[in-house]
Amino acid sequence: MNKELPKAYEPGLYEDEIYKRWEESGFFNPDNLDLPADAPGYTIVLPPPNITDKLHLGHASMLAIEDLLIRYYRMRGYRALWLPGTDHAAIATQNVVEKKLFKEDGKTRHDLGREKFLEKVWEFLRITQTTILKQTRKMGSSLDWSRTAFTLDEQREKAVRKMFVDMYNEGVIYRGERIVNWCPRCHSTLADDEVEYKETKSKLYWIKYGPFVLATTRPETKLGDTAVAVHPGDKRYKDMVGKEYMIPGVLGEFKVKVIADHHVDPEFGSGAVKVTPAHSFADNEMARRNNIPWKQIINEDGRMMDNCGKYAGLTTVEAREEIVADMEKMGLIDHIEEGYENKLSVCYRCDTPIEPLPSKQWFVSVDKKLPRLGNMSLKEKAIEAAKKGEIKFIPDRFEKRFVNWMGNLHDWCISRQIWFGHRIPVWYNSRNVDDIYVGENPPEGEDWEQDPDSLDTWFSSGMWTFSTLGWPDTFKDGKKSGDLARFHPTQVLETGYEILTLWVSRMIMMSFFAVGEKPFDTVYLHGMVLDKNGKKMSKSKGNGIDPLDVIAKYGTDAVRLSLLIGSTPGNDVRIFEEKIEGDRNFVNKLWNVARFILQTADENTTEIELKNLTLADKWIMAHFNALVDKNATSATKFLSNYNFSIAAELLRTFTYDYLADWYLEAAKFDKSTEKVKVLRYVLENLLILWHPFIPFVTEKIWELMGKEKLLMVEKWPEIKYDPGNNGDDFELIKNIVIAIRNARAENKIEPGRKIDAVIYTGNNKDLIESQSEIIKGLRTGIGKLTIAKDGDEPDDSICISVKGVSNMDIYLVGAIDKDKEKKRLEKEIANLEKLIAGTEKKLANEEFTSKAPPAVVEKEHSNLHARKNDLTKLLIQLKQL
RNA sequence: GGACGCGUAGCUCAGCUGGUUAGAGCACCUCGUUUACACCGAGGGGGUCCUAGGUUCGAAUCCUUGCGCGUCCACCA
């Protein structure tokens with residue numbers, strides 16, 4: 001024994017030190033890789049985690065997948081760049097800090113003022129940002145830290161302003177009125193995902209409305225009505241469409257136009273809807289489609305405006321009561337339906353009902369045709385890229401989802417009434433409201449005031465693939481230079497399917513606009529990480545797993561493996577400790593395989609002499625070759641096709657079932673000149689194959705093997721030695737051993753007891769003889785082993801059958817439980833007879849033999865033949881018993 | 001309401017460009033401390049592949065329907 005390794009792999013002892021070595025090697029940065037000038041690029045930009053919180057297992061899964069890809073392609077000789085960063089997550093971050101501020105000091109951001117509040121935000125984000133980067137390293141991520149970016153750092157600020165100005169000058173960005181979700185209590189707009197829906201029971205008022213009777217939950221908005229809408233196919237109102245009517249109301253008569261719109265459900269209510277464009281999203285859309293004017297009647301305090309006569313100043317709820325009472329007096333109420341169930345939209349922070357209000361906002365037009373896009377719109381260009389396969393989706397079903405969603409996309413509202421984020425680079429002249437300045441830098445002069453709003457966080461993260469590669473400095477006159485030229489378009493965008501639409505769509509549109517090319521070749525979508533019961537992990541439910549906790553307990557490699565194995569592209573993955581524990585056990589198994597090999601073969605290898613290989617050597621070499629082959633079932637191929645789980649399972653099967661269980665065991669009895677070389681060759685290459693999955697343990701073993709170069713930059717293996725056959729000879733030995741072990745277990749022969757065996761080999765005498773030590777050594781418990789070409793059945797013995805072998809007889813002598821053996825044989829015979837009957841029936845069916853491919857029919861014939869042989873043999877054995 | 005996904009061994013999941021005696025890991029049962037590993041080894045039991053139809057010589061795999069679960073989007077006056 002030359003090297004004394006600890007019995008169990010202890011990740012905690014090595015991980016930090018190994019990561020440090022990787023980082024200090026400089027190889028995370030592709031500029032330092034030793035590559036030919038024309039080496040292909042392979043770039044992934046890390047989807048920047050929000051700095052609202054530390055990382056969870058979902059992030060860990062993302063990091064595991066992306067690091068796997070990057071390490072794989074780095075070893076394949078690509079100029080691999082994985083670019084790290086974080087996202088300022090404007091609204092989410094501001095909310096977290098606001099909540100904290102309120103909880104700790106009872107203050108709102110308005111108490112602090114813009115500047116002071118932003119200081120607080122930065123204070124907060126520096127802490128989470130540091131934690132995030134630390135966690136990311138802990139996962140073993142081979143990110144190029146020298147290129148680290150933040151969506152709100154100086155360089156990205158520059159990019160965002162340039163983008164805004166370019167889009168504005170091109171007429172893509174414009175200012176317009178839009179209905180927003182407004183919380184009257186918080187005095188703020190809410191993003192769609194900040195709106196919550198509450199099941200409520202309310203009243204449905206059926207009101208007399210000129211020639212109509214119609215149902216509404218909000219009679220007070222009648223003051224803002226400008227139209228009545230019906231379904232285009234509704235015969236009841238057919239003749240009224242397009243006409244104008246005077247409607248009696250509590251403040252006198254007013255005029256509405258009747259419009260036809262598909263949005264109206266003719267089954268609901270009376271099939272006619274009053275339209276209040278200023279205070280309803282749906283109504284607003286209908287008004288836009290039909291050119292109907294708006295009339296705002298509710299202000300930002302949630303109160304009726306001055307144009308509401310005697311109701312001015314009332315809250316909407318107060319106004320509703322009074323107006324209903326007045327309508328009642330006027331005989332305008334048809335009837336009131338109680339207990340009507342609907343979903344009320346409320347503020348996620350304070351539960352206050354939301355008031356949709358019109359407001360001035362900045363938009364990105366997705367439909368404007370642009371000369372720079374060949375007269376296509378941003379939307380059309382993105383859809384085309386997906387449909388033409390210029391951008392590929394994995395799994396491909398997401399392409400449909402993407403295209404479908406893009407098709408329904410409306411202009412993108414990019415302004416947010418918050419303080420944290422990229423401030424909109426627009427200045428208004430205080431002396432002349434219509435005088436607007438849009439530019440990358442503030443205008444000269446004192447009368448200019450910058451727009452108080454900030455940009456939607458997706459505006460800056462949508463630029464992530466090129467803003468991180470030096471844009472706009474690396475893009476002049478339509479020509480890419482520097483990092484942008486070398487790494488853009490990137491190869492893969494790997495992210496969760498839940499932000500396919502939010503993020504991916506924006507990246508594609510912005511990249512085409514700014515750089516004139518797609519941001520990435522492939523979008524790989526991963527699923528969500530769920531707990532054992534398939535529930536989303538969340539802090540409030542307490543079912544979350546902290547990556548750092550399980551890493552401390554089981555090691556990073558085990559955590560990575562548990563996230564990769566058993567998960568398929570686009571599908572959710574359930575994670576629980578038992579699973580991680582199992583993978584920890586596997587990592588330990590690999591460690592011990594190495595431990596054994598290093599003990600028995602601690603010397604540097606030279607070229608393997610193929611002619612000296614034993615049966616076991618050839619067998620393991622053949623199976624190793626199958627892993628790195630170019631055919632469709634190799635681990636290499638599955639890695640290239642994003643089938644990480646299948647690749648890992650192939651590697652695991654090889655490591656466990658082939659290498660550890662059989663080859664290493666056989667090696668203990670199978671001495672040959674090449675043994676040491678084969679052991680080292682297989683281990684070495686196996687470590688390379690495993691490295692992208694479990695980088696730490698493989699790198700550590702690699703070091704223990706005496707390698708000077710880092711495994712991280714080792715070349716991906718190809719087939720180097722052809723053993724000349726597929727290892728079938730050793731497969732036969734293996735099956736003999738299994739059959740003997742089986743027979744022993746079936747017959748309850750105590751493990752300590754030696755049994756004599758006789759093998760009549762037929763034509764295989766030399767082969768079996770050469771392997772007799774292995775057969776005896778592999779825990780078959782054989783005492784005296786007799787090998788002959790043929791002979792008589794020994795007394796007091798059973799004949800055992802070997803899988804797939806019919807021209808050989810093996811007898812175990814003595815100590816046989818005949819009853820048990822008889823039962824076993826009968827069971828097996830019954831099973832075989834059933835199979836044979838099935839096969840015969842199939843072959844008798846002329847439809848089958850004439851229509852099925854000849855190869856399939858042929859296979860059935862050979863199956864039948866083999867099964868019949870086996871049956872004959874079993875019947876003889878049974879008779880002899 | 002719209003779109004999509006899932007339902008295979010007790011649990012977690014592969015397999016699904018149609019042809020295998022339907023697989024893996026964990027759990028379970030029996031046996032075993034054999035110096036790489038008890039974070040172990042040997043052997044074993046366990047599945048009408050959700051239901052009902054259809055296509056086909058042949059379906060876990062393709063089509064239709066129903067049931068159950070999940071995700072995203074929209075949200076209704």
Side-chain angles (χ1 to χ4, degrees), chain A residues 1 5 7-9 192 197 204 214-218 221 229 263-265 268-270 272-276 280-283 340 342-343 345 395 397-398 400-401 404-405 408 497-502 527-528 530 532 534-536 554 558 565-568 570-576 578-579 581-600 643 645-646 649 652-653 656 660-661 664-665 668 738 741-742 744-746 748 750-752 777-781 831-832 834-835 838-839 842 845-853 855-857 859-860 863 867:
Chain A
M1 193 182 286
L5 270 59
K7 274 192 174 189
Y9 173 65
D192 290 344
Y197 296 93
L204 187 63
L214 42 79
T216 178
T217 51
R218 299 197 62 185
T221 60
H263 181 262
V264 179
D265 175 6
F268 186 89
S270 61
V273 193
K274 65 188 211 56
V275 178
T276 320
S280 153
F281 285 92
D283 290 6
Y340 171 68
N342 69 341
K343 280 186 202 158
S345 40
R397 63 184 141 88
F398 284 102
K400 217 170 126 193
R401 193 157 145 182
N404 191 23
W405 187 86
N408 295 324
Y497 61 72
E498 72 274 11
I499 54 172
L500 170 68
T501 47
L502 288 176
M528 285 185 304
L530 307 172
K532 186 163 191 171
K535 297 283 173 235
K536 240 174 169 166
Y554 302 104
I565 292 186
S567 83
T568 38
N571 289 330
D572 298 342
V573 58
R574 301 187 187 192
I575 292 291
F576 37 96
E578 297 95 299
K579 189 172 174 187
E581 192 185 339
D583 291 314
R584 186 271 317 265
N585 294 352
F586 173 77
V587 169
N588 190 59
K589 185 76 182 181
L590 182 64
W591 174 260
N592 274 290
V593 165
R595 199 160 98 98
F596 173 79
I597 293 178
L598 291 182
Q599 280 170 13
T600 53
N643 286 305
S645 185
I646 298 177
E649 271 168 41
R652 187 167 62 183
T653 302
Y656 242 112
D661 289 353
L664 292 192
E665 292 304 323
K668 293 172 184 171
I738 289 173
R741 285 175 182 168
N742 238 314
R744 289 187 64 110
E746 293 275 354
K748 299 262 182 250
E750 312 87 274
L778 289 178
R779 292 171 199 175
T780 44
N831 181 30
L832 261 180
K834 222 170 85 189
L835 280 173
T839 315
K842 208 176 202 179
N845 183 352
E846 203 177 312
E847 296 257 50
F848 171 72
T849 49
S850 63
K851 288 184 181 168
V856 174
V857 179
K859 200 175 160 205
E860 289 298 330
N863 277 348
R867 282 165 191 166

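Each chain gets a letter, A, B and so on, in the order its sequence line appears, and its residues count up from 1.
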Return the pairing partner of [N] with a 3.5 Å limit on both distances, Watson-Crick or G-U wobble; otherwise return none.
N      : value
C49(B) : none
C31(B) : G41(B)
G5(B)  : C69(B)
G23(B) : C13(B)
U55(B) : none

Between [X] ([atom1]) and [N] ([atom2]), how many Å, whole number?
X       : N      : atom1 : atom2 : result
F848(A) : A59(B) : CZ    : P     : 12 Å
I738(A) : A42(B) : CD1   : P     : 10 Å
K748(A) : G44(B) : NZ    : P     : 11 Å
F586(A) : A38(B) : CZ    : C1'   : 18 Å
E578(A) : C26(B) : CD    : P     : 12 Å
N592(A) : A38(B) : CG    : C1'   : 11 Å
N863(A) : U20(B) : CG    : P     : 9 Å
F281(A) : G1(B)  : CZ    : P     : 23 Å

If we take the [atom1] atom in both [N] and [M], what is their distance in whole Å?
N      : M      : atom1 : answer
G53(B) : U17(B) : C1'   : 25 Å
G5(B)  : C62(B) : P     : 11 Å
U30(B) : C69(B) : P     : 39 Å
C76(B) : G15(B) : P     : 41 Å
G19(B) : U12(B) : P     : 27 Å
C67(B) : G23(B) : P     : 34 Å

Requested in this report: Go through the N and O atoms of the side chain of R584(A) and the base of C39(B), and report whether any donor-acceptor pair is under 3.5 Å.
Outcome: yes
Query - Pair of N/O donor and acceptor under 3.5 Å linking A42(B) base with E665(A) side chain - result: no
Query raised in the report: Counting any heavy atom closer than 4.0 Å, what does N845(A) reach on the DNA or RNA strands: base, sugar-phosphate only, or nothing?
Result: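 Result for N845(A) = sugar-phosphate.
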**Report entry** For A660(A) against E665(A), the heavy-atom pair lying closest together
**Finding:**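 Where A660(A) meets E665(A) most closely, the heavy atoms are O-CG, 3.8 Å.
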For [N], does OP1 or OP2 lie under 4.0 Å from any side-chain N or O of [X]?
X       : N      : value
R779(A) : A42(B) : no
K668(A) : U34(B) : no
R867(A) : U21(B) : yes
N588(A) : A36(B) : no

Report task. Not counting sequence neighbours, which residues clear side-chain contact (heavy atoms from CB on, under 4.5 Å) with T276(A)? List them please. Result -> T221(A), D225(A), K274(A), H279(A), D283(A)
Query raised in the report: With a cut-off of 6.0 Å (strictly less than), are more than 12 heavy atoms of other residues, nucleotides or ligands near NZ of K668(A)?
Result: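 Above 12, so yes.
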**Report entry** Whether N588(A) side chain and Y9(A) backbone form a donor-acceptor pair below 3.5 Å
**Finding:** yes
Query raised in the report: In the 5'-to-3' direction, what one-character label does each nucleotide of nucleotides 3-14 of chain B receive under the scheme B = base within less than 4.0 Å of a protein heavy atom, S = sugar-phosphate only, - = no such atom?
Result: SSS-----SSSS
